[in-house]
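Working notes for the structure below.
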Amino acid sequence: MNKLGFIDEALADLREKGLYNTIRTIESSIGAWVTIDGRRVLNMCSNNYLGFANDPRLCEAAKRAIDDYGVGPGAVRSIAGTMTLHVELERRLSHFKGTEAALSVQSGLNTNLATIPLLTDKDDILFTDELNHASIIDGVRLTKAQRAIYPHRDVDALARLLEENRSIPKKLIITDGVFSMDGDLAPLPGIVEVAEEFGALVMVDDAHGEGVLGRNGRGIVDHFGLHGRVDIECGTMSKAFGVMGGYIAGSAKVIEYLRQRARPFLFSSAATPPDVAACIAAIDILEASDEPVRRLWDNARVFKQALGDLGFDLGASETPITPVMLGEAKVAWDFSKALFVEGVFATAIAFPTVPRGKARIRAMMSAAHSAEDLKFAVDAFAKVGRRLGVIAR
Ligand SMILES: Cc1ncc(COP(=O)(O)O)c(C=O)c1O
């Protein structure tokens with residue numbers, strides 16, 4: 001009896017539908033260029049927005065932390081104590097975000113698993129955007145609260161759902177800040193307004209707003225000037241910060257509650273000393289200058305303009321995220337492979353990361369890309385786009 005036959009079937013099904021994900025192995029640090037299969041290729045798909053992943057200042061901070069603190073935290077913080085480094089990161093994060101307090105956890109995914117089940121229980125209701133990130137969906141799965149899924153970015157529909165459920169005392173609205181696969185923004189001012197009208201809590205996952213939006217990359221709440229009106233901000237240090245780790249920022253009361261009860265905090269060890277030190281170094285850089293953020297946006301303008309002029313469908317992005325919409329998964333994978341031949345690394349994104357039939361290349365430049373790098377990428381997209389009939393010859 002083949003007890004694992006269902007896996008053979010599932011994998012064969014993925015291959016047949018063009019959804020099988022082939023993960024490339026990178027032989028270098030993550031920069032504008034990376035080495036894959038011994039070849040130097042232009043990296044157009046990482047979330048290393050500011051180029052911090054191999055920034056010497058972050059690397060140096062990580063090395064110093066290893067000398068001072070070693071490589072591991074030893075155990076979960078609530079049992080084995082917390083390092084001064086973690087306390088320092090939380091202090092710096094809350095200052096950067098303009099909140100009373102912050103809590104560091106191991107990853108962005110964990111921030112949602114930590115927070116959502118603690119804020120809502122079976123008598124409560126949560127309202128979630130239909131395109132929210134998988135980690136929000138997983139956090140939602142951990143609560144017994146009722147769920148109301150509202151159409152993407154539709155504040156009127158959200159208000160109607162809030163009205164229909166007016167009698168439920170505890171309501172929580174959760175949204176991505178920047179929707180990672182489309183690059184569009186949550187209509188946060190409208191969400192906050194209806195939340196205030198109906199007495200709902202608001203939580204935003206700012207994973208892709210961090211280091212990108214707001215003054216010196218302080219994120220979406222800062223971008224919209226909504227300080228004090230969003231109850232919980234979650235984020236990750238794995239994207240613009242170039243490192244690893246998640247944080248939750250909010251009032252001292254919310255953070256204290258999470259510190260006492262959040263399961264990823266209580267039952268999983270803390271981020272490592274070099275990670276934490278590198279995150280602090282990233283905050284140092286951002287607090288000192290908005291130059292990396294400006295460079296990212298300048299590069300985004302040049303790149304998006306050039307691809308748009310070529311006739312590519314770039315979706316509805318409002319940020320440097322550049323979805324090159326291709327439709328079927330197979331087209332996206334063919335496009336990705338052809339780009340690689342041209343020296344450009346940009347992975348195809350298909351279901352379940354995006355809805356079926358909306359496969360794409362999520363092209364991502366960074367502050368570390370030069371003007372020549374962007375031209376190299378645009379030329380490759382043009383060549384492949386014409387060859388595959390995606391744009392006119
Ligand atoms: C919106 C959003 N939240 C959370 C995460 C998870 O972050 P991390 O990679 O730090 O777990 C991601 C990254 O994929 C994301 O896009």
Treating [X] as the side-chain partner and [Y] as the backbone partner, does any N or O pair qualify as donor plus acceptor under 3.5 Å?
X      : Y      : result
Asn132 : Ile174 : yes
Asp231 : Leu201 : no
Arg147 : Val140 : yes
Arg295 : Ala367 : yes
Asn43  : Gly31  : yes
Asp176 : Phe179 : no
Thr35  : Arg39  : no
Glu27  : Gly38  : yes
Thr319 : Gly183 : yes
Thr115 : Thr111 : yes

Does the side chain of [X] reach to within under 4.5 Å of the side chain of [Y], using non-hydrogen atoms?
X      : Y      : result
Pro187 : Arg153 : yes
Phe127 : Leu162 : yes
Asp313 : Val324 : no
Phe340 : Asp37  : yes
Met364 : Ser46  : no
Phe241 : Thr236 : no
Thr175 : Asp205 : no
Arg362 : Cys45  : no

Original post:
Listed by chain and number, what are the side-chain contact (heavy atoms from CB on, under 4.5 Å) partners of Ile280, not counting sequence neighbours?
Top reply: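 Here the qualifying residues are Leu85, Glu88, Leu89, Arg92, Val276, Asp284.
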Below 4.0 angstrom, N of the basic side chain to O of the carboxylate: do [X] and [Y] qualify?
X      : Y      : answer
Glu210 : Lys97  : yes
Lys63  : Asp67  : no
Glu342 : Arg387 : yes
Asp298 : Arg301 : yes

Give the minimum heavy-atom separation between [X] and [Y], together with the two atoms involved.
X      : Y      : answer
Val212 : Pro320 : CG1-CD, 3.8 Å
Phe303 : Ala377 : CE1-CB, 3.9 Å
Met44  : Val344 : CG-CG1, 3.8 Å
Ile248 : Ala114 : CD1-CB, 4.2 Å
Val378 : Ala306 : CG2-CB, 3.7 Å
Asn165 : Lys171 : O-CE, 3.3 Å

Subject >> Chi angles and distances behind the side chain to side chain donor-acceptor pair (under 3.5 Å) call for Asn299, Arg294 >> reply: CA-CA 9 Å; Asn299 278 349; Arg294 271 193 289 113; over 6 Å; no
Distance-only criterion, 3.5 Å: show the donor-acceptor pairs between side-chain atoms of residues 254-270 and protein atoms not counting sequence neighbours.
{"unit_1": "Glu256", "atom_1": "OE2", "unit_2": "Gln260", "atom_2": "NE2", "d": "3.0"}
{"unit_1": "Arg259", "atom_1": "NH1", "unit_2": "Glu90", "atom_2": "OE1", "d": "3.4"}

Within a 6.0 Å radius of atom [atom1] on [X], are there more than 12 heavy atoms belonging to other residues, nucleotides or ligands?
X      : atom1 : answer
Lys304 : NZ    : yes
His95  : NE2   : no
Ile149 : CD1   : no

Original post:
Under 3.5 Å, is there a donor-acceptor pair between the His152 and Asp182 side chains?
Top reply: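 The answer is no; no qualifying pair exists.
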Original post:
In terms of side-chain heavy atoms, does Thr120 have a donor or acceptor partner in Lys170 at a distance below 3.5 Å?
Top reply: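 Short answer, no.
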**OP:** Report the residues that fulfil side-chain hydrogen bond (donor to acceptor under 3.5 Å, both in side chains) with Arg160, sequence neighbours left out, ordered by chain and then residue number.
**Re:**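 Applying side-chain hydrogen bond (donor to acceptor under 3.5 Å, both in side chains) to Arg160 gives none.
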Interatomic spacing from [atom1] in [X] to [atom2] in [Y] - rounded to 0.5 Å:
X      : Y      : atom1 : atom2 : value
Ile283 : Leu58  : CD1   : CG    : 10.0 Å
Tyr69  : Arg64  : OH    : CZ    : 11.0 Å
Thr143 : Asp121 : OG1   : CG    : 6.0 Å
Lys122 : Asp124 : NZ    : CG    : 9.0 Å

Original post:
Are Ile26 and Val243 joined in one hydrophobic group, where the rule is that I, L, V, M, F, W and Y side chains link up if heavy atoms are under 4.5 Å apart?
Top reply: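 Different hydrophobic clusters.
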Original post:
For the residue pair Tyr49 and His208, does the interplanar ring angle fall in the parallel (under 30°), tilted (30 to 60°) or perpendicular (over 60°) class?
Top reply: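 The rings of Tyr49 and His208 stand perpendicular, inter-plane angle above 60°.
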Original post:
Does NZ or CZ of Arg91 lie under 6.0 Å from the centre of the six-membered ring of Phe96, at an angle within 45° of the ring axis?
Top reply: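 That pair does not qualify as a cation-pi contact.
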